[in-house]
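Reading through the structure tokens given below for one structure.
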Amino acid sequence: MNKLVSTSNQKREEHLETMRHSASHVMAEAVQSIFPDTKFAIGPAIKDGFYYDFDLPRPLSPDDLPVIENKMKEIIAADTPFIRKEVTREEARQVFAAQPYKLELIDELPDEKVSLYQQGSFLDMCRGPHVKSSGEIKAFKLINVAGAYWRGDEHRPMLQRIYGVAFDTEAALEEHLQRLEEAARRDHRKLGKELDLFSIQDEFGPGLVLWHPKGAVVRRVIEDFWKEEHFRRGYDLVYTPHIARMDLWRTSGHLEFYKNYLYSPMDIEGQKYILKPMNCLGHISIYKTRLRSYRDLPLRYAELGTVYRYERSGVLHGLSRVRGFTQDDAHIFCRPDQLEDEVVAVLDLALFMIDTFGFQNYQLLLSTRPEKYAGTVEIWDEATETLRRALERSGRDYEIDPGEGVFYGPKIDIKFESALGKAWQGPTIQVDFNLPPRFDVNYVGEDGREHPVVMVHRTVLGSMERFLATLLEHYGGAFPTWLAPVQVRIIPVADRHLDYARQLETELKDEDIRAEVDARAERINPKIRQAQLEKVPYMLVVGDKEVEAKTVSVRLRSGEQTAAQPFARFKETVKSAIASRAGDSERSGGKAN
RNA sequence: GCCCACAUAGCUCAGUUCGGUAGAGCACGUUCUUGGUAAGAACGGGGUCACCAGUUCGAAUCUGGUUGUGGGCUCCA
């Protein structure tokens, strides 16, 4: 039964992909009719749609899209057939004599036979398959134009790419467009501004985050939780400076391998110092202040360490890609025989965090040895196998990401999906074969001799900045109560209820509940509206009845209202919601505005 | 860094076609209103139209450059 369903789903998916691919050919035909001198690159189907790369006589602007779209509709209405032909490589060269990108592709084809597809006046080299005729393309929309390097190589020409989406029904297309709108509503950059959480200012510097009071509250709650949990799990919390002598980074190899990410050195009394791009050297330096016995291991140094990396201007993105950020970093120094248990413990911690913060969409990846690597094949294989065993013990599904390890060791990554459907790097656990030998990070074994430690770099949230972005998009700004910047908004009906409201505020604050009175000379409606827009979890309305009976009327941001209840009972409800770090069943953040 | 687009009040945006030195709503301030679950009313303050040049009698508007933002590409320890 399940198998049947999945087979028919698979067929539908395959058909959709074929149709999207054909749509890209139709788009190419439309572009050709508008710009006869176009040089064509490639035009595949992608998730939800398709694109085609063109070399055009002039830059496209968004205004060109409707024109191309209309031309495509004409082609679809004409229902022209897709005709497959096979020619030899030599014949193909002649057909595409004026198409340099196609010629380059032809030269790389493995077979002597080349398949072509013709529809209407447009002939393209293509493996296929395609729909029978253009009329099978049902619902599509051109989304945007973008630059794209030929073959993804930044040293080759920049082409113009047109992206489109396509579905088998208008309803499915409409649904997709709605999803895009919802994603835009949940964009952390928009929510960050609306909820007054943070800003990134041109005048201050691109990629540098200013955390406003409300964002700082969320961060503090996350950090306190993080510290408690690390302390509980046997980590030692440390602090290390933001700058260090450049020589240290030369010894570590960072100067050589990561020079593109480092800021220029500064001169201090004739010595060069740099801003740290990582926290590991501080932790290694602490480790090395004394001789360590095998009995001391494992040592786990944890730090919310702020690092600075030069990111090229075009890659900056809200809180997700910045130039200064705080990693929830830790380095574990252990013996080889302890590695597996340590990795299992880190995985357990990472998954505990993920569950606590309410994430469901994430993926575990084991990255193996890349082409360029430090150490020997034997130690790589052994460590990779250790990571794999740890993943198996965790009992969660994972995938292998071949060759995606860092040069210094294999790693396990956890990736989140953001509201915009992008995968973002979350927790990462990396074994390091490079630093211990470079810095002689050793321990004295039972045999009285020094042995290199096994070093593990790990983060469980990624960075505070990126993690806030992920949280915001996940909850659409409606944080669960334990994380909400304001947990309770107290709304007096009239001024004569202010004293009672203040009294409630004090009592809530005494319990470490973040409560505020809305004391403005406004009617109740705007106060409710304001609290709704701020996505405050609890609104307490207090008027004559409540003052009289020592009760509160509770409104949740879902719009749900409860009958007046004793204040003490409400306080207990909130306290337990916070203590349990309960997720919120309602994540939309209420009515859109 | 590369391609395209964009940059007007704290925010969201009109105004730019065809050059004649700025507008709305929200927010903010004052006053009135003390109102029971998503916008009460009146009045008021607020902008070197991102920045620097150029063209012009005159530039928010045209041209060039710079910076930043957005969508992509490349990159992401």
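Chain letters run A, B, ... following the sequence lines, proteins first, then strands; residues in each count from 1.
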- [ ] Report yes if at least one side-chain N or O of A:Tyr538 is closer than 4.0 Å to OP1 or OP2 of B:U37; otherwise report no.
- [x] no
Open item on the list: What is the distance, to the nearest angstrom, from the CD atom on A:Gln430 to the C1' atom on B:C76?
Closed with: 12 Å
Open item on the list: I'd like the P distance from B:G20 over to B:G29, given in whole Å.
Closed with: 36 Å
Open item on the list: Without decimals, in angstroms, what is the distance between A:Phe325 CZ and B:A77 P?
Closed with: 10 Å
Task: Pair A:Asp518, A:Gln530: side-chain N/O donor-acceptor within cut-off below 3.5 Å - done: no
Task: Integer-rounded Å distance: B:U74 P and A:Arg321 CZ - done: 12 Å
Open item on the list: Between the base of B:A41 and the side chain of A:Arg523, is one N or O donor paired with an acceptor at under 3.5 angstrom?
Closed with: no
Task: From B:U37, B:U34, B:G72, nucleotide with atom closest to A:Ser553 side chain - done: B:U37
TODO: Answer yes if the ring centres of A:Tyr408 and A:His457 are under 6.0 angstrom apart, and no otherwise.
DONE: yes
Open item on the list: Using a 6.0 Å cut-off, check whether atom CG of A:Asp499 has over 12 heavy atoms from anything other than its own residue.
Closed with: no
TODO: Ignoring backbone atoms, test whether A:His317 places a side-chain nitrogen or oxygen under 4.0 Å from the OP1 or OP2 oxygen of B:G71.
DONE: yes
Open item on the list: Suppose we call a contact any N or O donor and acceptor under 3.5 Å apart; does that hold for the side chain of A:Asn525 and the base of B:U37?
Closed with: no
Task: A:Arg189 side chain near B:G71 phosphate (N/O to OP1/OP2, under 4.0 Å) - done: yes
TODO: For the side chain of A:Lys411, starting at C-beta, report the closest nucleotide among B:A77, B:U37, B:C73.
DONE: B:A77
TODO: Go through the side-chain N and O atoms of A:His283 and A:Thr240 and say whether any donor and acceptor fall under 3.5 Å apart.
DONE: no
Task: Aromatic ring proximity A:Phe407/A:Phe257, centre distance under 6.0 Å - done: yes
Open item on the list: Using only modelled atom types and a 3.5 angstrom limit, is any donor from either the side chain of A:Glu546 or the base of B:G36 paired with an acceptor on the other?
Closed with: yes
Open item on the list: For the P atoms, the ones on B:C6 and on B:A50, what distance do you get once it is rounded to whole angstrom?
Closed with: 13 Å
Task: Protein-nucleotide distance (A:Leu316, atom CG; B:G71, atom C1'), rounded to Å - done: 15 Å
TODO: Give a yes or no on whether a donor-acceptor pair under 3.5 Å exists between the nucleobase atoms of B:C75, that is its base, and the side chain of A:Arg312.
DONE: no
Task: C1' spacing across the pair B:C2 / B:G44, given as an integer number of angstrom - done: 50 Å
Task: Out of B:A77, B:G1, B:C4, whichever nucleotide has its closest atom nearest the side chain of A:Pro277 - done: B:A77
Task: Along RNA chain B (nearest heavy atom to each residue), the more 5'-positioned of A:Pro59 and A:His457 - done: A:Pro59
TODO: Determine the Euclidean distance between corresponding P atoms of B:C4 and B:G40; express it in Å to zero decimal places.
DONE: 48 Å
Open item on the list: If stacking means aromatic ring centre less than 5.5 angstrom from the base's six-membered ring centre, planes under 30°, is A:Tyr258 stacked on B:A77?
Closed with: yes
- [ ] Fit a plane to each ring of A:Phe54 and A:Tyr52, take the angle between them on a 0 to 90° scale, and name the class: parallel (under 30°), tilted (30 to 60°) or perpendicular (over 60°).
- [x] parallel
Task: Nucleotide nearest A:Tyr408 (side chain, heavy atoms from C-beta), chosen from B:A77, B:G36, B:U74 - done: B:A77
Open item on the list: In terms of relative ring orientation, are A:Tyr301 and A:Phe333 parallel, tilted or perpendicular, with 30° and 60° separating the classes?
Closed with: perpendicular
Open item on the list: Ignoring hydrogens and geometry beyond distance, is the side chain of A:Tyr149 in donor-acceptor contact with the base of B:G1 at under 3.5 Å?
Closed with: yes
Task: Pairwise C1' distance for B:U67 and B:A22, with rounding to whole Å - done: 24 Å
- [ ] In whole angstrom, give me the gap between the P atoms of B:U16 and B:C62.
- [x] 10 Å
Task: Which nucleotide in B:G35, B:U37, B:C11 has an atom nearest any side-chain atom of A:Lys193 - done: B:C11
TODO: Would you indicate which nucleotide in B:G68, B:G1, B:G35 comes nearest to any side-chain atom of A:Asp202?
DONE: B:G68
- [ ] Rounded off to whole Å, could you give me the CG-to-P distance for the A:Asp413 and B:A77 pair?
- [x] 8 Å
TODO: Please report, rounded to the nearest Å, how far the C1' atom of B:U74 is from the CZ atom of A:Arg151.
DONE: 16 Å
Task: Residue closer to the 5' end of RNA chain B, A:Val541 versus A:Val406 (nearest nucleotide) - done: A:Val541
- [ ] Could you work out the separation of B:U56 and B:C13 based on their C1' atoms and round it to a whole Å?
- [x] 30 Å
Task: Side chain of A:Gln561 (C-beta onward), nearest among B:U34, B:G72, B:U37 - done: B:U37
TODO: Round to the nearest Å and state the distance from A:Lys190 atom NZ to B:C13 atom C1'.
DONE: 13 Å
- [ ] Please state how far atom CZ in A:Phe198 lies from atom P in B:G10, giving the value in whole angstrom units.
- [x] 20 Å
